[in-house]
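Counting convention: from 1, in listed order, for ligands and their atoms alike.
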Amino acid sequence: MNNRRVIVKVPASTANLGPGFDTLGMALSLYAWIEMSVSDRTEFHFYGDQMQGLPRDKTNLIYKVAQLVFSEADVSIPELSIGMYSDIPLTRGLGSSASAIVGALAAANALIGSPLTDDKLFQMATALEGHPDNVGASLFGGIVVSAWDGQRADYVRLAPNEKLETLVAIPAFQLSTEKARHALPSQISMADAVFNVGRSSLLVAALASGELGLIRHAMKDRLHQPYRAALIPGMTTILERAADYGALGAALSGAGPTLIAFVSTDCPDKGAIEQFLLDTLKQEGIEAETLWLAPCADGPQITVEDISATAPMPLPDRIKGEVKV
Ligand code: HSE
């Protein structure tokens with residue numbers, strides 16, 4: 001393993017998909033890359049503006065997650081060289097922390113010959129993140145339906161429908177998951193619980209069967225979105241009216257503030273949906289960036305190299321051409 005250099009490309013994710021709070025997730029075609037090798041002393045090579053301010057010592061999340069893998073596998077590698085580049089915006093509801101956790105687990109496991117199963121990595125990732133939705137999507141790709149009881153997470157992966165694509169509107173402000181979870185009530189009514197069980201079940205069935213026309217009814221939620229609306233001005237209008245502009249449905253992406261519209265690849269006027277999202281946010285004084293993202297069918301893509309056989313090349317040079325432009 002001392003001769004190995006591992007490079008992992010891991011997808012972003014959207015969680016909840018509306019009604020499936022802490023349960024549903026889908027991987028998206030936006031990526032982070034983590035490079036890991038054994039070193040004489042721990043060092044970090046972070047690329048891009050986003051990485052500024054992240055810890056560059058052994059308190060770093062990637063380092064700590066890697067050490068959990070080594071400890072689980074009964075291997076000792078105290079010093080690591082870690083590189084990272086990410087196109088996934090931080091604290092916007094696109095699963096950046098889940099991608100970092102999954103990327104670190106996959107990279108560390110590959111570095112030591114992959115002794116841990118994907119299921120084991122999923123259990124570890126879920127316990128680290130506190131819910132399985134984002135980590136499941138980043139680890140398995142596609143749409144992941146999962147349930148966690150605090151001990152064990154179970155999941156089923158669904159292949160995303162070929163006609164499904166997404167438009168995300170990423171507001172130019174950050175919203176921590178902690179703050180967005182703090183807005184939630186500790187109790188809800190039986191009527192709201194039944195409402196969400198129905199919508200979430202219908203959504204999974206619609207996504208599994210390809211009945212995409214049902215998404216508009218199924219993507220509704222009463223567990224978290226109404227309580228988070230005050231944190232994301234314009235959200236309620238977007239969720240209520242996106243389908244009028246041709247979207248299949250719309251939701252808050254994870255804990256927000258990003259909004260996500262599900263759109264059919266057949267949609268005749270995608271520009272109208274994009275304009276509606278941008279205009280609605282702008283009316284609230286919020287600038288946003290839009291991105292068209294496809295569901296990503298794959299989990300981490302892992303490359304293992306022999307350090308002695310390949311010349312060192314900085315991570316950005318290796319992934320040039322793949323990063324978001
Ligand atoms: N299910 C989580 C939430 C996703 O909505 O709080 C964000 O990490």
Side-chain angles (χ1 to χ4, degrees), residues 10-28 30 32 61 65 86 88-105 122-140 143-150 153-156 166 168-171 173-188 192-193 195-197 199-201 203-204 207 218-232 235-236 238-239 249-260 262 293 295-296:
V10 59
S13 58
T14 183
N16 303 330
L17 315 190
F21 180 70
D22 279 1
T23 294
L24 303 182
M26 182 167 77
L28 296 171
L30 188 67
L61 177 68
V65 171
S86 180
I88 309 169
L90 301 181
T91 351
R92 301 296 165 91
L94 288 167
S96 59
S97 77
S99 306
I101 289 170
V102 167
L105 289 169
F122 181 45
Q123 303 306 324
M124 293 171 75
T126 301
L128 284 162
E129 182 82 340
H131 36 89
D133 43 1
N134 290 105
V135 292
S138 278
L139 184 59
F140 300 115
I143 296 164
V144 175
V145 182
S146 53
W148 188 50
D149 62 6
D154 291 297
Y155 76 97
V156 172
T166 75
V168 293
I170 309 169
F173 67 89
Q174 301 196 347
L175 175 58
S176 73
T177 299
E178 193 189 350
K179 186 172 174 191
R181 287 180 91 84
H182 202 69
L184 305 182
S186 54
Q187 295 195 320
I188 53 144
D192 286 352
F195 181 97
N196 265 65
V197 170
R199 298 318 185 277
S200 186
S201 305
L203 182 59
V204 170
L207 291 167
M219 238 174 163
K220 299 193 185 309
D221 160 73
R222 285 193 193 160
L223 279 193
H224 68 109
Q225 291 178 169
Y227 304 101
R228 289 171 162 170
L231 300 170
I232 306 113
M235 181 191 99
T236 306
I238 287 172
L239 300 192
L252 184 65
S253 183
T258 292
L259 293 149
I260 185 161
F262 280 24
L293 299 174
C296 172

Novice: Work out which heavy atom in Pro257 is nearest to a heavy atom in Leu175; give both atom names and the distance.
Specialist: CD-CB, 3.6 Å
Novice: Considering only heavy atoms, does His224 approach ligand 1 within less than 4.0 Å through its side chain, its backbone, both, or neither?
Specialist: neither
Novice: Take Leu28 and Leu94, measure what side chain to side chain contact (heavy atoms under 4.5 Å, CB included) needs, and give me the verdict at the end.
Specialist: CA-CA 9 Å; Leu28 296 171; Leu94 288 167; 3.8 Å; yes
Novice: Taking only heavy atoms of Asp22, which atoms of ligand 1 are found under 4.0 Å from at least one of them?
Specialist: 1 (N), 2 (C), 3 (C)
Novice: May I ask you to identify the nearest protein heavy atom to atom 7 (C) of ligand 1, giving residue, atom name and distance to one decimal place in Å?
Specialist: Ala255 N, 3.7 Å
Novice: Which atoms of ligand 1 sit under 4.0 Å from any heavy atom of Arg181?
Specialist: 1 (N), 2 (C), 3 (C), 6 (O)
Novice: Take Val145 and Leu24, measure what side chain to side chain contact (heavy atoms under 4.5 Å, CB included) needs, and give me the verdict at the end.
Specialist: CA-CA 5 Å; Val145 182; Leu24 303 182; 3.8 Å; yes
Novice: I need the minimum non-hydrogen distance between Asn134 and Gly95, along with the two atoms involved.
Specialist: ND2-CA, 3.7 Å
Novice: Could you tell me the residue and atom name of the protein heavy atom closest to atom 8 (O) of ligand 1, and the distance to it rounded to 0.1 Å?
Specialist: His131 CE1, 3.0 Å
Novice: Of the non-hydrogen atoms in Pro19 and Asn196, which two are nearest, and what is the gap between them?
Specialist: O-ND2, 3.0 Å
Novice: Closer than 4.0 Å to some heavy atom of Asn134 - which atoms of ligand 1 meet that?
Specialist: 4 (C), 7 (C), 8 (O)
Novice: Between Asn16 and Asp22, which heavy-atom pair has the shortest distance, and what is it?
Specialist: OD1-N, 2.9 Å
Novice: Out of all atoms in ligand 1, which are within 4.0 Å of some heavy atom of Gly254? Include the element for each.
Specialist: 5 (O)
Novice: Would you mind running through ligand 1 and noting each atom that sits below 4.0 Å from a heavy atom of Phe21?
Specialist: 3 (C), 5 (O), 6 (O)
Novice: Can you list the ligand 1 atoms lying under 4.0 Å from a non-hydrogen atom of Asn16?
Specialist: 1 (N), 3 (C), 5 (O)
Novice: May I ask whether Arg228 places a heavy atom under 4.0 Å from ligand 1?
Specialist: yes
